[in-house]
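So the structure is just underneath, and the comments pick up after that.
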Amino acid sequence: MMKNILLLTLIGCLLSGCKSSIIIPQKEIYETEDFINVAISDFTSRCSLFKKDSVFEISIEDTLVKRSFQSEQSRWVLDTVYQNILVVGIWGLMDTKEWYFSDAVIGSKGKLPSRYVIVKGKLFFWDDDDYPLTEETLSVFKRYNILTEVMERGMSPDNPINDAAKAADYYFCRDDASNYKRVVTNIATGFYDPPKLKCK
C-alpha cells in the first residue's frame, strides 16, 4: 500500500513538475529579512538562474523608484515612487569580486556585506548596515573567494561589467510577503515598468 502511494506521488510529481511550495508565515509587520528569505526560497526552487552560478549577491530597494528617459533632456528623471512596493534583487557574482578597504574589520558595520546564507551549497550575501561583520562571515567570503585584495582610497575597482547578465527582481507588497512577482531581466530595477501588484 505504501509503495503504491509513493509511486502515485512520484508520477504526480513527474506530470506536474513538482514545484516546491514556499511556506510564508503571515505577520502584521514584515521585516526586510522576511522578504529576502522568500526571494531566496523562490529563486532556489523556481528560477533557472540558480543553476548558472554558485555565488549570488542580493540587493534591497526599500521603496521602488521608477525613472523614465526624457529625450529632450537626454537624461533619466524621477517618474513614480511606489511607497508600498519593496524590491529584492538577486544576481550571480560570476567573475566579479567585492572590493573593500582596510577598515572592513571584524565588528565594523557597512564596510562589507555582513549577512549571508548558504543554500544547497551556494552562497547568497547582502549588505546590512545594522549588522556587524563577523569572523565567521569573513571566513565564508574567503572560502567562496569573493573578496579582492584590500583597495586603497582613491582606487577604482576593475570589475568587468556584463550588460547581458540577468538578475531576478522580486517585487513585494510591503504588507504581505506572500504577494510578490518575479521578473528576470538584464535591466536595472527602476528603469523598466514594474509588474502590476494588487497591494492593500
Side-chain angles (χ1 to χ4, degrees), residues 22 24 27-53 55-100 109-116 124-131 146 151 154-200:
I22 299 169
I24 303 168
K27 298 181 176 180
E28 287 193 21
I29 298 175
Y30 288 94
E31 303 294 331
T32 301
E33 197 166 347
D34 295 320
F35 298 104
I36 292 172
N37 289 335
V38 172
I40 291 174
S41 295
D42 182 279
F43 186 84
T44 57
S45 61
R46 299 178 181 169
C47 185
S48 61
L49 294 182
F50 179 63
K51 299 175 182 176
K52 297 182 182 292
D53 216 320
V55 178
F56 298 93
E57 190 164 0
I58 295 175
S59 66
I60 302 99
E61 192 168 341
D62 187 63
T63 301
L64 174 61
V65 176
K66 167 74 170 56
R67 297 163 184 85
S68 61
F69 188 74
Q70 299 294 318
S71 54
E72 61 275 5
Q73 299 174 22
S74 295
R75 66 188 180 101
W76 291 89
V77 297
L78 176 67
D79 185 325
T80 310
V81 176
Y82 299 84
Q83 296 285 353
N84 57 347
I85 295 181
L86 176 145
V87 186
V88 176
I90 304 177
W91 65 93
L93 204 58
M94 295 175 288
D95 297 325
T96 58
K97 297 197 179 222
E98 286 293 307
W99 288 83
Y100 67 103
K109 294 180 180 179
K111 308 296 182 181
L112 262 180
S114 56
R115 305 294 300 275
Y116 78 92
F124 292 80
F125 68 94
W126 64 95
D127 291 314
D128 185 339
D129 290 345
D130 296 324
Y131 197 83
I146 69 167
M151 184 169 66
M155 286 179 60
S156 296
D158 185 24
N159 275 335
I161 296 174
N162 182 355
D163 291 331
K166 292 185 176 181
D169 294 335
Y170 288 86
Y171 293 81
F172 289 92
C173 289
R174 184 181 300 282
D175 60 356
D176 185 0
S178 66
N179 189 358
Y180 68 92
K181 290 186 178 179
R182 170 174 26 97
V183 175
V184 174
T185 179
N186 65 338
I187 302 171
T189 305
F191 292 91
Y192 64 90
D193 290 330
K196 295 190 183 304
L197 280 174
K198 292 183 179 178
C199 301
K200 293 178 184 176

Any residue meeting side chain to side chain contact (heavy atoms under 4.5 Å, CB included) with Leu78, in chain and number order, not counting sequence neighbours: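 Expected list: Val65, Val81.
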Check: [X] side chain, [Y] main-chain N or O, donor-acceptor pair, under 3.5 Å:
| X | Y | result |
| --- | --- | --- |
| Asp34 | Glu31 | yes |
| Asn37 | Glu33 | yes |
| Asn84 | Asp175 | no |
| Lys181 | Lys196 | yes |

Taking every non-hydrogen atom, the tightest pair across [X] and [Y]:
| X | Y | result |
| --- | --- | --- |
| Tyr171 | Pro194 | CE2-CB, 3.7 Å |
| Leu49 | Lys166 | CD1-O, 3.8 Å |
| Ile60 | Asp127 | CD1-O, 4.5 Å |
| Thr189 | Arg67 | O-NH1, 4.3 Å |
| Tyr82 | Lys66 | CE1-CB, 3.8 Å |
| Val88 | Ala39 | CG1-CB, 3.8 Å |

Ring pair (Phe, Tyr, Trp, His ring centres under 6.0 Å) evaluation trace for Phe172 with Tyr180: CA-CA 4 Å; Phe172 289 92; Tyr180 68 92; 5.2 Å; yes
With a 4.5 Å cut-off on side-chain heavy atoms, are [Y] and [X] touching?
| X | Y | result |
| --- | --- | --- |
| Phe125 | Glu57 | yes |
| Arg174 | Asp62 | yes |
| Thr63 | Gln83 | yes |
| Val183 | Tyr192 | yes |
| Tyr170 | Asp42 | yes |
| Asp176 | Lys200 | no |

Test disulfide (SG to SG under 2.5 Å) applied to Cys173 - qualifying residues, sequence neighbours left out: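 Partners of Cys173 under the disulfide (SG to SG under 2.5 Å) test: Cys199.
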salt_bridge(Asp128, Arg115) N-O dist < 4.0 Å: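 Judged by the 4.0 Å cut-off on N to carboxylate O distance, Asp128 and Arg115 do form a salt bridge.
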Say you draw a straight line from [atom1] of [X] to [atom2] of [Y]; how long is it, rounded to the nearest 0.5 Å?
| X | Y | atom1 | atom2 | result |
| --- | --- | --- | --- | --- |
| Asp53 | Ile90 | CG | CD1 | 12.5 Å |
| Tyr30 | Phe35 | OH | CZ | 7.5 Å |
| Phe50 | Ile40 | CZ | CD1 | 10.0 Å |
| Ile58 | Trp91 | CD1 | CH2 | 8.5 Å |
| Leu64 | Thr80 | CG | OG1 | 8.5 Å |

For Phe56, all residues meeting ring-ring contact (aromatic ring centres under 6.0 Å, His included), sequence neighbours excluded: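 Here the qualifying residues are Phe43, Phe124.
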Other residues, nucleotides, ligands: >12 heavy atoms within 6.0 Å of Glu28 CD: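 No - once you tally the heavy atoms of other residues, nucleotides and ligands closer than 6.0 Å, there are 12 at most.
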Residue Lys52 excluded, over 12 heavy atoms near NZ under 6.0 Å: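 For Lys52, atom NZ is not crowded (no more than 12 foreign heavy atoms under 6.0 Å).
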